[in-house]
Number of protein chains: 2
Amino acid sequence: MATRQYGARCVSQRGVKAEAMSIDPRSHTPVYVQLADLLRDQIESGELPPGARIGSEARLSQEYGIGRDAVRMAISVLRSEGLVTSSRGHPTQVRPRPERRLVEVPSGCTISTRMPNSNERRQMDMDEGVPVLEVRYPDGKKQTFPGDEVELISP
Amino acid sequence: MATRQYGARCVSQRGVKAEAMSIDPRSHTPVYVQLADLLRDQIESGELPPGARIGSEARLSQEYGIGRDAVRMAISVLRSEGLVTSSRGHPTQVRPRPERRLVEVPSGCTISTRMPNSNERRQMDMDEGVPVLEVRYPDGKKQTFPGDEVELISP
DNA sequence: TTATATTTGTCCGTATGTATG
DNA sequence: CCATACATACGGACAAATATA
């Protein structure tokens with residue numbers, strides 16, 4: 001009798017906006033991942049432009065018929081991808097992307113990327129969800145750049 | 001009288017493992033950040049090697065005398081940094097890092113990094129918290145590489 | 001193979017702090 | 001001062017997926 005145990009909940013969703021229906025609690029994909037995917041699409045398509053508010057947690061929770069935990073985790077995912085910023089007292093907003101400046105790398109460098117830890121983020125004044133570019137020069141020295149402010153160009 | 005308002009709680013921590021004492025609920029640093037920092041240190045030092053289980057949420061909650069919420073948030077931070085993997089039914093483990101292969105980029109390319117969306121992650125079979133490297137060639141074509149598998153080298 | 005235990009996912013409730021309007 | 005909104009933090013409960021005996 002494990003089947004259709006969410007049936008009643010689905011029926012109770014009448015009155016919820018059409019877009020809310022695209023979240024399926026029976027899916028194998030966690031609800032919070034589904035909401036993150038939805039919001040990410042709206043951000044990347046420009047439907048939610050930089051600076052726009054994505055809606056309060058309570059509103060999203062009600063609109064999509066999911067719990068507060070799921071909404072918070074979805075927002076946490078988007079923050080960890082650098083797509084939104086949220087802080088105490090502020091509505092969660094689509095993060096404006098800074099212009100990238102060009103940095104020329106010399107010959108024979110290796111270039112890699114990774115996520116910074118919280119110390120590095122503080123030191124470089126970076127938002128959550130922004131990777132770093134790491135350039136290792138032929139002499140062994142390393143240099144680290146914020147990934148949303150820098151674009152490298154090969155010689 | 002805001003001082004020592006958690007005094008009683010400290011006394012009540014007798015019986016908790018010594019390492020647990022390194023989490024201070026009175027600190028301005030959130031508890032979940034402190035736990036994330038602790039676990040990150042253990043991962044980066046090799047004390048928790050790739051593939052190792054970091055301990056269940058319930059266990060960490062009990063061991064450090066903090067709530068499950070804080071534990072989950074700490075794990076979420078580490079996941080977004082590409083340090084651990086977790087999913088339903090599986091114990092949370094330290095993410096194994098694959099060997100990086102060298103890819104030579106031609107002259108005049110621009111190289112940038114960003115977080116992939118979930119579609120890209122699925123297509124490239126990438127874990128959460130792993131950025132991508134994006135190479136734009138002089139002819140305008142783009143190529144995207146998983147950031148933990150590829151290291152670029154300038155010509 | 002089946003059954004049980006473990007672990008993470010999700011929901012809910014409550015409370016306090018911080019920041020904005 | 002008050003209302004709103006998010007951040008942090010605790011607690012309980014159950015579901016779903018996997019691990020293990």
Side-chain angles (χ1 to χ4, degrees), chain A residues 1-10 12-13 23-37 39 51-80 84-95 118 127-128, chain B residues 1-2 5-6 8-9 12-13 16 23-37 51-79 84-95 127-128:
Chain A
M1 69 304 225
T3 54
R4 295 193 47 77
Q5 58 212 29
Y6 282 98
R9 168 161 282 157
C10 286
S12 77
Q13 278 188 341
I23 287 189
D24 176 14
R26 289 165 303 183
S27 165
H28 291 288
T29 306
V31 170
Y32 78 91
V33 175
Q34 294 182 58
L35 177 57
D37 289 348
L39 294 173
R53 302 180 178 185
I54 68 168
S56 74
E57 295 173 355
R59 183 190 142 92
L60 290 170
S61 173
Q62 190 181 14
E63 183 162 321
Y64 289 97
I66 63 181
R68 184 193 36 163
D69 280 17
V71 173
R72 286 185 57 76
M73 292 191 69
I75 292 175
S76 169
V77 166
L78 297 178
R79 203 170 45 225
S80 77
V84 304
T85 60
S86 54
S87 59
R88 251 178 200 164
H90 296 264
T92 301
Q93 296 184 9
V94 178
R95 192 174 79 93
S118 48
D127 284 326
E128 270 187 72
Chain B
M1 66 309 230
Q5 61 211 23
Y6 285 97
R9 166 164 283 156
S12 75
Q13 279 187 342
V16 179
I23 286 188
D24 175 14
R26 289 166 305 181
S27 167
H28 290 291
T29 305
V31 169
Y32 79 92
V33 173
Q34 294 181 59
L35 177 57
D37 289 346
R53 302 178 177 186
I54 69 167
S56 73
E57 295 172 354
R59 182 190 143 92
L60 290 171
S61 170
Q62 192 180 12
E63 185 162 318
Y64 290 96
I66 62 180
R68 193 183 163 205
D69 274 15
V71 173
R72 283 182 62 77
M73 291 185 70
I75 291 175
S76 170
V77 166
L78 298 178
R79 204 172 43 225
V84 304
T85 61
S86 58
S87 62
R88 208 179 218 158
H90 293 269
T92 300
Q93 298 184 10
V94 178
R95 195 174 76 91
D127 287 322
E128 270 186 71

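In what follows, every chain begins at residue 1, and chains take the letters A, B, ... in the order their sequences are listed. Below, all heavy atoms of this structure are taken into account, side chains as well, without hydrogens, waters or symmetry copies.
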Q. Under the criterion side-chain contact (heavy atoms from CB on, under 4.5 Å), which of B:Thr92, B:Val31, B:Leu60, B:Ile54 is the partner of B:Val71?
A. B:Leu60
Q: Side chain of A:Asp69 only, please: which of C:dC12, D:dG11, D:dA19 is the nearest?
A: C:dC12
Q. Between atom CD in A:Gln34 and atom C1' in C:dC11, what is the gap in whole Å?
A. 16 Å
Q: Select base, sugar-phosphate, or nothing to describe what B:Met73 touches, counting heavy atoms under 4.0 Å on all strands.
A: sugar-phosphate
Q: Would you mind telling me which of D:dA17, D:dA7, C:dT10 lies closest to the side-chain atoms of A:Arg79?
A: D:dA7
(Q) Applying a 4.0 Å non-hydrogen cut-off, can you work out what B:Gly89 is touching in the nucleic acid: base, sugar-phosphate, or nothing? (A) base
Q: Measure the distance from CD1 on A:Ile66 to C1' on C:dC11 and round it to the nearest whole Å.
A: 11 Å
Q | Nearest to side-chain heavy atoms of B:Ala70, which nucleotide of D:dT8, C:dT8, D:dC10 | A | D:dC10
(Q) Need to verify one output field. Residue with the more 5' nearest nucleotide on DNA chain D, B:Val71 or B:Arg53? (A) B:Val71
Q: Specify the closest pair of heavy atoms between A:Ala36 and A:Val77, including all atoms of both residues, with the distance to one decimal.
A: CB-CG1, 4.0 Å
(Q) Expressed as a whole number of angstroms, how long is the span from A:Glu128:CD to D:dC6:P? (A) 16 Å
**Q.** Nearest heavy atoms of B:Ile66 and B:Ile23, plus distance in Å
**A.** CG2-CG2, 4.2 Å
Q. Hey, which of these two, B:Gly55 or A:Ser61, hits DNA chain C nearer its 5' end, going by closest nucleotide?
A. B:Gly55
Q: Indicate whether OP1 or OP2 belonging to D:dT8 is found under 4.0 Å from a side-chain N or O atom of B:Tyr32.
A: yes
Q) Taking B:Ser86 as the fixed residue, which of B:Arg95, B:Glu57, B:Arg79, B:Gln93 is the one that meets the side chain to side chain donor-acceptor pair (under 3.5 Å) rule? A) B:Arg79
Q) According to a strict under-4.0 Å criterion, is A:Thr92 in side-chain N/O contact with OP1 or OP2 of D:dA5? A) no
(Q) Could you tell me if the side chain of A:Gln34 sits less than 4.5 Å from the side chain of A:Asp24, heavy atoms only? (A) yes
Q) Please give, in whole Å, the distance from D:dA9 C1' to B:Ile23 CD1? A) 13 Å
Q) Side chain of A:Ser56, backbone of A:Arg59: donor and acceptor closer than 3.5 Å? A) yes
Q. Which one, C:dC12, D:dT8, D:dA19, comes nearest to the side chain of A:Arg72?
A. D:dT8
Q. Could you give the CD-to-C1' distance, from B:Gln62 to D:dG12, as a whole number of Å?
A. 16 Å
Q. Side chain of B:Val31: nearest nucleotide among C:dG9, D:dA19, D:dA9?
A. D:dA9
**Q.** Spacing of B:Arg26 atom CZ relative to D:dA9 atom C1', expressed in whole Å
**A.** 17 Å
Q | For atom CZ of B:Arg88 and atom C1' of C:dT10, their distance in whole Å | A | 7 Å
Q. Is any side-chain N or O of B:His90 closer than 4.0 Å to OP1 or OP2 of D:dA19?
A. yes
**Q.** Euclidean distance, atom CD of residue B:Glu57 to atom C1' of D:dC10 [Å, nearest integer]
**A.** 15 Å
Q.
Checking contacts here: which listed nucleotide (C:dC12, D:dC6, C:dT8) is nearest the side-chain heavy atoms of A:Arg68?
A. C:dC12
